[in-house]
Amino acid sequence: MSRTVTRITAAAALLLTGYFFGQASARDGVKAQQQQQAGTRIFELRTYTVPDATQLDMLNARFRDHTRRIFDKHGMTSIGYWTPVDTPNTLIYILAHPSQEEAKKHWAEFNADPEWQKVRNETREKGLTGVKAESRFLQPTDYSAIK
């Protein structure tokens with residue numbers, strides 16, 4: 001009888017050990033997958049400069065009232081929007097995309113959107129012209145707080 005109890009105890013110990021190692025491995029696998037997915041996200045740093053600082057109010061209104069919502073509609077995630085203290089005619093913002101290829105697709109959809117075209121044309125008619133846009137794609141480092 002003691003041999004049977006020893007075998008059952010050993011089998012139970014092996015089963016529990018396997019279970020706990022399996023759970024830890026599964027958690028680590030899910031965590032690694034999440035990190036890999038997060039690591040594939042790409043950021044786009046965009047800088048818009050207007051010829052006259054008074055036009056910045058119109059540009060900010062366009063983003064506040066229309067552009068951000070249209071970005072959302074096309075899968076473009078807004079991270080943040082800033083105006084530099086030393087250049088009052090500039091708007092800087094960061095978007096996130098699943099990949100650079102998706103970013104190109106998002107921009108093509110955005111530019112073809114009839115609502116965006118209407119908003120862009122209306123603000124141009126009101127005097128928001130000469131906007132210089134620059135774009136850079138950024139990949140987060142392994143130590144970045146945002147991925």
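Predicted model only: the values in this text are computed from it and were never measured.
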| task | Could you pull out all residues at least two apart from Gln55 that satisfy side-chain hydrogen bond (donor to acceptor under 3.5 Å, both in side chains)? | result |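 Scan of Gln55 (side-chain hydrogen bond (donor to acceptor under 3.5 Å, both in side chains), adjacent residues dropped) gives none.
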| query | With Asn111, which residues qualify under side-chain hydrogen bond (donor to acceptor under 3.5 Å, both in side chains), at least two apart? | reply |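 side-chain hydrogen bond (donor to acceptor under 3.5 Å, both in side chains) list for Asn111, sorted by chain: empty.
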| said: Evaluate Arg64 against Arg68 for side chain to side chain contact (heavy atoms under 4.5 Å, CB included), listing each step before the verdict. | reply: CA-CA 6 Å; Arg64 181 185 315 105; Arg68 281 208 55 207; over 6 Å; no
| request: Check the pair Leu45 / Ser135 against side chain to side chain contact (heavy atoms under 4.5 Å, CB included), numbers first and verdict last. | output: CA-CA 6 Å; Leu45 174 68; Ser135 173; over 6 Å; no
| query | Is Leu138 atom CG crowded by more than 12 heavy atoms from other residues, nucleotides or ligands, each under 6.0 Å away? | reply |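 Yes - once you tally the heavy atoms of other residues, nucleotides and ligands closer than 6.0 Å, there are more than 12.
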| request: Please name all residues satisfying ring pair (Phe, Tyr, Trp, His ring centres under 6.0 Å) with His106, sequence neighbours left out, ordered by chain then number. | output: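 Testing His106 for ring pair (Phe, Tyr, Trp, His ring centres under 6.0 Å), a comparison that skips the adjacent residues, returns His97.
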| request: Could I get the full list of ring pair (Phe, Tyr, Trp, His ring centres under 6.0 Å) partners for Tyr93, not counting sequence neighbours? | output: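 Ring pair (Phe, Tyr, Trp, His ring centres under 6.0 Å) check on Tyr93 returns Tyr48, Phe63, Phe71, Tyr81.
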| Can you name the closest pair of heavy atoms from Ala53 and Pro88 and give their distance? |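 It is CB-O, 4.0 Å.
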| said: Restricting to non-hydrogen atoms, name the atom on Thr90 and the atom on Pro84 that form the minimum distance, rounded to 0.1 Å. | reply: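 Nearest pair, atom of Thr90 first, then Pro84: O-CD, 3.3 Å.
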| request: Return each pair, listed once, that meets ring-ring contact (aromatic ring centres under 6.0 Å, His included) where at least one residue sits in residues 114-147; pairs must be two or more places apart or across chains. | output: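 Found Phe110-Trp116.
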| task | Please assess Ile94 against Ile146 for the test side chain to side chain contact (heavy atoms under 4.5 Å, CB included), listing each intermediate value before the final yes or no. | result | CA-CA 12 Å; Ile94 297 176; Ile146 298 176; over 6 Å; no
Got a second to check how far [X]'s [atom1] is from [Y]'s [atom2], nearest 0.5 Å?
| X | Y | atom1 | atom2 | answer |
| --- | --- | --- | --- | --- |
| Glu44 | Met76 | CD | CE | 6.5 Å |
| Ile92 | Thr87 | CD1 | OG1 | 6.0 Å |
| Leu91 | Thr47 | CG | OG1 | 8.5 Å |

With the 4.5 Å side-chain cut-off for hydrophobic clustering, are [X] and [Y] part of the same group?
| X | Y | value |
| --- | --- | --- |
| Leu56 | Leu128 | yes |
| Val119 | Met58 | yes |
| Trp107 | Phe43 | no |

| query | Restricting to pairs with a member in residues 120-133, which pass side-chain hydrogen bond (donor to acceptor under 3.5 Å, both in side chains), not counting sequence neighbours? | reply |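 Listed by first then second residue: Arg62-Thr123, Lys132-Glu134.
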| query | Can you check whether Lys147's main-chain N or O pairs, donor with acceptor, with Arg41's side chain at less than 3.5 Å? | reply |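 Answer holds: yes.
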| field | Asn89 side-chain N/O to Val50 backbone N/O, donor-acceptor pair under 3.5 Å | value |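 Yes.
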